Peer 1: 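Dumping the structure here so I can ask a few things about it.
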Number of protein chains: 4
Amino acid sequence: MAPTTQQPAAPDQTAPPRGKGRPRSAAADRAILDATREALAELGWGGLTMGHVATRAGVAKTTLYRRWPSKNELVVDAVASLFDELEMADLGSLRADIEAVVGQFAGLLARPETQAALLALFAEGTRDPLLRRRIRERIVDPQKHLVRLGRAQAQQRGELRPDRDAATACEEIDIIFDTIAGTVEHRMLVSGEPVTPEWIHRFTTLLLSPLPGLAEQ
Amino acid sequence: MAPTTQQPAAPDQTAPPRGKGRPRSAAADRAILDATREALAELGWGGLTMGHVATRAGVAKTTLYRRWPSKNELVVDAVASLFDELEMADLGSLRADIEAVVGQFAGLLARPETQAALLALFAEGTRDPLLRRRIRERIVDPQKHLVRLGRAQAQQRGELRPDRDAATACEEIDIIFDTIAGTVEHRMLVSGEPVTPEWIHRFTTLLLSPLPGLAEQ
Amino acid sequence: MAPTTQQPAAPDQTAPPRGKGRPRSAAADRAILDATREALAELGWGGLTMGHVATRAGVAKTTLYRRWPSKNELVVDAVASLFDELEMADLGSLRADIEAVVGQFAGLLARPETQAALLALFAEGTRDPLLRRRIRERIVDPQKHLVRLGRAQAQQRGELRPDRDAATACEEIDIIFDTIAGTVEHRMLVSGEPVTPEWIHRFTTLLLSPLPGLAEQ
Amino acid sequence: MAPTTQQPAAPDQTAPPRGKGRPRSAAADRAILDATREALAELGWGGLTMGHVATRAGVAKTTLYRRWPSKNELVVDAVASLFDELEMADLGSLRADIEAVVGQFAGLLARPETQAALLALFAEGTRDPLLRRRIRERIVDPQKHLVRLGRAQAQQRGELRPDRDAATACEEIDIIFDTIAGTVEHRMLVSGEPVTPEWIHRFTTLLLSPLPGLAEQ
DNA sequence: ACCTAATCGAGACGGTACGTCTGGTCTTCCG
DNA sequence: CGGAAGACCAGACGTACCGTCTCGATTAGGT
């Protein structure tokens with residue numbers, strides 16, 4: 001998806017913007033984020049240690065803390081880049097587009113590093129408003145953009161009516177997004193059951209049609 | 001809800017069932033679970049400490065570990081009882097029943113102790129199959145039972161067609177449950193926005209009808 | 001010297017005096033102090049690390065900090081026991097007694113662990129009154145006792161006049177003690193030159209007689 | 001005393017002697033040494049930090065390390081100049097001269113920066129021969145010169161016999177010096193008691209006469 | 001008027017030790 | 001024997017300095 005407006009995982013915006021002393025090593029940034037993803041996949045959230053990441057990245061702990069104030073922020077950035085691979089296809093129909101993006105999302109949630117990190121991050125974000133904001137900016141909003149895009153495509157095709165006003169549109173996007181993201185996450189991470197093409201089809205039907213088996217109302 | 005098959009937060013079934021020496025203090029169990037809930041509400045998941053719980057409950061750490069093998073299991077039990085208050089009403093229509101149960105669930109998620117614990121537990125459960133199983137038994141399954149109940153009620157009223165076969169029914173219950181639970185959790189705990197009656201109405205509409213604005217297909 | 005009133009290097013008096021919980025391991029105390037002395041001798045004051053001591057003693061850092069609040073206090077106790085070996089002989093004359101005790105003291109200062117620790121402790125004590133107090137109780141006072149003892153022996157022999165009053169006696173003991181201890185320390189640790197029997201003889205002469213070469217006054 | 005043979009605290013002689021590039025700032029040297037003394041007085045040896053000194057002196061750490069290889073050497077130079085104020089008076093008698101110089105030395109040891117630095121330096125010197133040499137050159141030898149001077153004055157007055165040979169003289173100077181320096185340091189820095197005129201008088205008596213109270217021998 | 005070279009400030013870098021905290025286990029005594 | 005108390009080992013935490021390095025910007029002397 002959108003490599004349009006994307007920095008390569010910018011660490012800490014509070015860094016001095018202009019160069020007085022020695023500039024920060026860009027290689028260190030990359031090594032740290034890679035190490036974080038690897039460690040997440042191997043050891044999971046609980047096994048992830050700042051010291052461990054630093055060692056594996058060949059970097060001093062100080063360097064790590066200079067850029068990310070804590071494990072939470074670090075993992076947000078490390079995981080965020082994974083979400084960049086989500087893309088909105090244009091397959092000619094709303095149903096096909098939805099099924100495609102749900103499939104992509106499910107594929108992402110199947111990766112061990114995502115699985116290890118996502119719910120843990122959400123849990124931490126529950127208590128820390130700054131972290132929630134960061135999660136929103138780096139993870140949630142890019143996803144929500146997909147919904148916006150898919151919706152616009154469907155409107156252009158004539159499958160959906162054009163927006164009446166911006167506020168309603170926004171609310172509709174929100175509700176659709178929470179439904180898609182929440183349901184897939186709950187299915188995979190809480191119920192622990194796989195997301196198969198069949199399941200995707202049935203879920204899309206739920207979104208697009210009345211409840212299956214609903215008697216004529 | 002179902003006080004049918006429910007122990008009053010039984011700690012560890014592996015305990016010696018019969019009294020040889022001094023019997024375990026039931027008061028200790030209650031004090032521990034209360035202390036856990038209080039500490040969760042005050043300090044959140046991260047701030048919850050076994051030592052802290054023990055102190056607050058006026059109990060030795062040993063006693064605590066004798067009953068629950070770790071923080072995770074303890075919190076499952078402490079939080080599970082909160083889910084007992086969920087009940088399936090029979091308000092005469094499927095929509096009304098759904099809206100009622102979603103509202104109850106949202107109310108539960110608004111409590112600080114639930115908020116602090118739920119996602120964290122799910123995150124831990126991602127790695128630990130035994131924990132996931134326990135979560136399922138004590139938290140998820142009781143909720144899923146509500147869906148089953150509501151569905152049966154609607155079938156009796158004639159709003160839904162009767163089940164064709166058990167397998168399909170089960171799958172349909174699963175998908176509905178994941179959608180309701182996942183969406184409400186995502187809305188409240190990840191997006192961090194409130195679940196108002198209006199939102200509930202719109203979400204229920206999404207479940208019961210085609211996408212709003214969907215052009216005639 | 002006086003094993004009369006001596007605890008085997010009691011760590012921290014602030015410990016709860018009698019046993020409610022598990023008692024502190026006496027073996028750990030011994031292992032820690034031994035490890036401290038060994039590490040001092042090998043690595044010196046600067047190379048001595050709490051973590052290193054703990055590891056070498058086969059003890060957790062927590063155990064170490066439970067007993068001694070910091071490196072300073074730990075080393076005081078570790079070194080103090082070395083000073084227990086100082087004894088006041090009774091060799092029949094004041095000169096012989098002085099020479100013997102100076103020789104013993106010099107021998108003590110020649111040991112690497114003493115050398116590494118003593119001045120560093122004194123330096124730290126300069127800033128920390130509690131540490132200075134502890135140094136005084138565990139290291140200085142036992143030494144000063146030797147002076148008191150030697151003086152009493154000389155008075156019994158008739159080499160010295162009996163005390164006129166306690167205050168004057170105390171002052172005289174102080175000045176003699178500071179002179180002996182300070183001079184030997186300065187010779188060995190600052191000037192870095194050896195304390196030979198010849199030097200001891202000359203120093204004792206300085207104490208007992210007018211300056212060598214002093215013209216008749 | 002001797003501003004005779006004194007560089008104004010020359011930092012590091014290993015600097016390239018002749019100017020090709022930009023010359024070193026003399027102001028920086030002064031600022032660094034001043035900052036060092038101030039920080040010593042305020043924070044003590046343990047609180048003294050290279051980074052702190054650099055900041056306080058308005059200088060980069062690099063500049064500091066270009067001149068002094070470590071904290072130890074820096075403090076030697078910073079403190080050494082304080083010892084330049086020691087002077088040998090000629091008050092007409094050996095006793096008066098000794099009492100004067102002991103008083104001066106005690107005054108010096110009463111200053112917080114000296115107190116913080118001296119024993120710490122000696123302690124470090126115990127392990128580092130190069131440092132000990134530097135201490136000797138910049139701090140100890142100038143003091144020892146005072147003893148030599150006072151001795152010569154007394155010989156000229158006829159209070160002391162002339163030297164028989166150089167070696168013996170040197171040894172006698174050494175022992176007197178270690179005694180005076182060591183005793184005063186021990187009294188003030190270890191015992192932590194003040195050096196009053198009365199104490200100086202008694203100490204000088206000890207140096208010049210047999211032990212007080214010594215029965216006729 | 002240019003070079004050349006060492007200096008300056010700032011600050012990031014890899015390390016290491018710090019002292020604290022928590023997790024689980026164990027050992028003791030009391031009821 | 002159960003329970004309270006608390007010591008035990010293990011190890012991660014986030015901070016503070018260490019001494020080195022890499023910058024861009026001065027600031028001289030030598031041509």
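Residue numbering restarts at 1 for every chain, and letters A, B, ... go by the order of the sequence lines. Bear in mind the structure is a predicted one, so any value in this text is a computation, not a measurement.
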Peer 1: Is there a donor-acceptor pair closer than 3.5 Å between any side-chain N or O of A:Thr49 and the backbone N or O of A:Gly51?
Peer 2: no
Peer 1: To the nearest Å, how far apart are D:Glu73 CD and F:dG19 C1'?
Peer 2: 13 Å
Peer 1: So does B:Thr63 get a side-chain nitrogen or oxygen closer than 4.0 Å to the phosphate oxygens (OP1/OP2) of F:dA4?
Peer 2: yes
Peer 1: Out of F:dC9, E:dA12, E:dC18, which nucleotide sits closest to the side chain of A:Arg24?
Peer 2: E:dA12
Peer 1: Are B:Arg134 and B:Glu73 close enough for a salt bridge, meaning some N to O gap below 4.0 Å?
Peer 2: no
Peer 1: Take atom CD1 of D:Ile32 and atom C1' of E:dC8, then tell me their distance rounded to the nearest Å.
Peer 2: 11 Å
Peer 1: Let me spell it out: for each of A:Lys71 and B:Gly58, pick the nucleotide of DNA chain F with the closest heavy atom. Which residue's pick is nearer the 5' end?
Peer 2: B:Gly58
Peer 1: Please tell me if C:Arg22 has a side-chain N or O lying less than 4.0 Å from either OP1 or OP2 of F:dA5.
Peer 2: no
Peer 1: Would you tell me whether C:Arg37 and C:Ser81 have side-chain atoms, one donor and one acceptor, within less than 3.5 Å of each other?
Peer 2: yes
Peer 1: When only distance counts, do a donor and an acceptor, one from the side chain of A:Thr62 and one from the base of F:dA16, lie under 3.5 Å apart?
Peer 2: no
Peer 1: Whole Å only: how far is the CE atom of C:Met50 from the P atom of E:dT16?
Peer 2: 20 Å
Peer 1: Could you tell me how far apart A:Leu64 (CG) and E:dG15 (P) are, to the nearest whole angstrom?
Peer 2: 13 Å
Peer 1: Return the 5'-most residue of the pair D:Ala57, A:Ala26 with respect to DNA chain E, ranking by each residue's nearest nucleotide.
Peer 2: D:Ala57
Peer 1: Mapping A:Thr49 and C:Ser25 to their closest nucleotides on DNA chain F, which lands nearer the 5' end?
Peer 2: C:Ser25
Peer 1: Quickly work out the D:Glu124 CD to F:dC18 C1' distance and round it to whole Å.
Peer 2: 14 Å
Peer 1: Within the distance-only criterion (no hydrogens, no angle test), does the side chain of B:Thr63 pair as donor or acceptor with the backbone N or O of B:Val59 below 3.5 angstrom?
Peer 2: no
Peer 1: Report the distance from atom CG of D:Asn72 to atom C1' of F:dG19, rounded to the nearest whole Å.
Peer 2: 14 Å
Peer 1: By nearest heavy atom, map B:Ser70 and A:Ala28 onto DNA chain E; which one lands nearer the 5' end?
Peer 2: A:Ala28
Peer 1: For the pair made of CH2 in D:Trp68 and P in F:dC18, what is the distance, rounded to whole Å?
Peer 2: 16 Å
Peer 1: Set out, in order, the CA-CA distance, both residues' side-chain angles and the distance that settles salt bridge (Lys or Arg N to Asp or Glu O under 4.0 Å) for B:Asp29 and B:Arg67, then state yes or no.
Peer 2: CA-CA 8 Å; B:Asp29 271 21; B:Arg67 290 159 157 83; 2.3 Å; yes
Peer 1: Does a side-chain N or O of B:Arg66 approach OP1 or OP2 of E:dG24 to a distance below 4.0 Å, or not?
Peer 2: no
Peer 1: Look at the side chain of D:Tyr65 and decide which nucleotide, out of F:dC18, E:dC8, E:dG9, has an atom nearest to it.
Peer 2: F:dC18
Peer 1: Without decimals, in angstroms, what is the distance between D:Lys61 NZ and E:dA12 C1'?
Peer 2: 10 Å
Peer 1: Does B:Arg67 have a side-chain nitrogen or oxygen under 4.0 Å from the phosphate oxygens OP1 or OP2 of F:dG3?
Peer 2: yes
